[in-house]
Amino acid sequence: MNKEKIRARIEEVGIIPAIRLSSAPDALFAAEAVSDSGIPIVEVTMTVPGAVEVIEELARNNADLIIGAGTVFDIDIAQRCLDTGAKFLTTPGLDLEIVNFALKQDVLVFPGALTPTEITAGWKAGADFVKVFPCSPLGGAAYIKALKSPFPNVPLIASGGVNQHTAADFILAGAVALGIGRDLIQPDAIERRERDWIRELARRFVRIVNEARAQMQAIGRGQ
């Protein structure tokens, strides 16, 4: 799957589960539970012990899963992630070195950004998306809505504070996708190996995103 198809798939699904757990077995279980639930995308953060090896195992055993590397801070780690099967890179803050590296590798990248200045810099540098993180402290969905006025053509991913109560609002505010962590990758469900719990959460978020998008389309048609 090339970069353009990965970008289109992320836009279509609209959900990027972020796996930030305390062990490799937990991360593997979470990724497989999510992918079994209709969300074929996972972001494995570099805070997971053995994260590179987790990416490698997921890539080897899940051909249809789009695996990304999150919380990437340096080029060496980024290269290792790509070598083992990562299909996109993301950073918590604006890291133009990682953006430039991804562009040279022809790999999809979305840096974190918080201010209009950072969003401008990331987009002008060639990012495929810009991840607004963390959203909640600056107003949540209201902040995304405010940003879409000066940045109507920048695809923003809302991350930080996205849960079942706020997800629809973020989509309605203009977010193209949502980065969701513990509200989808629920720690208790992972600890107990409750696959059905994760599946139910995934289905709920998929439904919320689809219903919010349908509402937007209806508003656009004047209904």
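- Residues P92 and T71 form a side-chain contact, since some pair of their non-hydrogen atoms from C-beta on lies under 4.5 Å apart.
- The pair R80-D83 fails the salt-bridge criterion, with no side-chain N (NZ, NE, NH1 or NH2) lying under 4.0 Å from an Asp/Glu carboxylate O.
- Among all heavy-atom pairs drawn from I157 and G179, the shortest one is CG2-N, 3.9 Å.
- Every side chain to side chain contact (heavy atoms under 4.5 Å, CB included) that R9 has, sequence neighbours left out, goes to E12, V13, P40, I66.
- How far CD1 of I16 is from CD of E43: 7.0 Å, rounded to the nearest 0.5 Å.
- By the 4.5 Å heavy-atom criterion applied to side chains, I144 and C135 are counted as neighbours.
- A salt bridge is absent between R7 and E11; no separation between the charged side-chain nitrogens and carboxylate oxygens falls under 4.0 Å.
- Every side chain to side chain contact (heavy atoms under 4.5 Å, CB included) that D106 has, sequence neighbours left out, goes to K3.
- Considering only heavy atoms from C-beta on, P111 stays 4.5 Å or farther from F129 through its side chain.
- Listed by first and then second residue, the ring-ring contact (aromatic ring centres under 6.0 Å, His included) pairs involving residues 56-91 are F88-F110 (not counting sequence neighbours).
- A side-chain contact (heavy atoms from CB on, under 4.5 Å) with D128 holds for exactly one of I10, L103, V109, V107; it is V109.
- Environment of NZ in K145: sparse, with no more than 12 heavy atoms of neighbouring residues, nucleotides or ligands closer than 6.0 Å.
- Transitive grouping of hydrophobic side chains (ILVMFWY, heavy atoms separated by less than 4.5 Å) keeps F133 and L147 in distinct clusters.
- Using a 4.5 Å heavy-atom threshold, the side chains of P25 and R193 count as touching.
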Check: Are V154 and L156 close enough, and set up right, to give a side chain to side chain contact (heavy atoms under 4.5 Å, CB included), and what steps lead you there?
Finding: CA-CA 6 Å; V154 178; L156 301 178; 3.7 Å; yes

Notebook entry, point to check: Passes side chain to side chain contact (heavy atoms under 4.5 Å, CB included), Q215 versus I219? Steps please.
Noted result: CA-CA 6 Å; Q215 184 178 344; I219 292 170; 4.1 Å; yes

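- Considering every non-hydrogen atom in both P134 and P137, the closest pair reads O-CD, 3.4 Å.
- Among pairs with a residue in residues 1-48, none fulfils ring-ring contact (aromatic ring centres under 6.0 Å, His included), at least two apart in sequence or across chains.
- Within 6.0 Å of CG on D64 lie no more than 12 heavy atoms contributed by other residues, nucleotides or ligands.
- At a threshold of 4.5 Å between side-chain heavy atoms, the hydrophobic network of Ile, Leu, Val, Met, Phe, Trp and Tyr places W197 and I19 in one connected group.
- Taking CZ of R192 as the reference point, atom CD1 of I198 lies at 11.5 Å (rounded to 0.5 Å).
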Below 3.5 Å, can you tabulate the donor-acceptor pairs from side chains in residues 169-176 to any protein atom, sequence neighbours excluded?
none

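- Residues N100 and A125 share a closest heavy-atom pair of OD1-O, 4.4 Å.
- Pairing each heavy atom of S37 with each of A33, the nearest pair is OG-O, 2.6 Å.
- Using a 4.5 Å heavy-atom threshold, the side chains of T120 and K124 count as touching.
- Residues F101 and L89 are in side-chain contact: their nearest non-hydrogen atoms beyond the backbone lie under 4.5 Å apart.
- Crowding of R182 atom CZ: a count of heavy atoms from other residues, nucleotides or ligands under 6.0 Å not exceeding 12.
- Checking side-chain atoms of Y143 against main-chain N and O of L114 turns up a donor-acceptor pair under 3.5 Å.
- Using a distance-only test at 3.5 Å, with no hydrogens or angles considered, no donor-acceptor pair links the side chain of N62 to the main chain of L65.
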Next item on the list: Output, in order, the C-alpha distance, side-chain angles, deciding distance and verdict of side chain to side chain contact (heavy atoms under 4.5 Å, CB included) for I185 and I190.
Entry: CA-CA 7 Å; I185 312 296; I190 301 303; 4.0 Å; yes

Name every donor-acceptor pair, under 3.5 Å, that has one atom in a side chain of residues 46-59 and the other anywhere in the protein, sequence neighbours excluded.
{"residue": "T47", "atom": "OG1", "partner": "R20", "partner atom": "NH1", "Å": "3.4"}
{"residue": "T47", "atom": "OG1", "partner": "T45", "partner atom": "OG1", "Å": "2.7"}

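- You'll find the side chain of R204 reaches within 4.5 Å of the side chain of Q164, heavy atoms only.
- The shortest heavy-atom contact between V209 and G14 is CG2-O, 4.4 Å.
- With respect to I98, the side-chain contact (heavy atoms from CB on, under 4.5 Å) criterion is satisfied by exactly one of L94, D95, L96: D95.
- Remark: the backbone N or O of A146 is not paired with any side-chain donor or acceptor of S149 at under 3.5 angstrom.
- Within 6.0 Å of the CD atom in E191, the count of heavy atoms belonging to other residues, nucleotides or ligands does not exceed 12.
- We find the CD-CD1 distance between Q105 and I75 to be 9.0 Å, quoted to the nearest 0.5 Å.
- Here the CG atom belonging to D183 is positioned 5.0 Å from the CG atom belonging to N163, to the nearest 0.5 angstrom.
- Of all non-hydrogen atoms in N153 and W123, the two that sit nearest each other are O-CZ2, 3.8 Å.
- V72 places none of its side-chain heavy atoms less than 4.5 Å from the side chain of T90.
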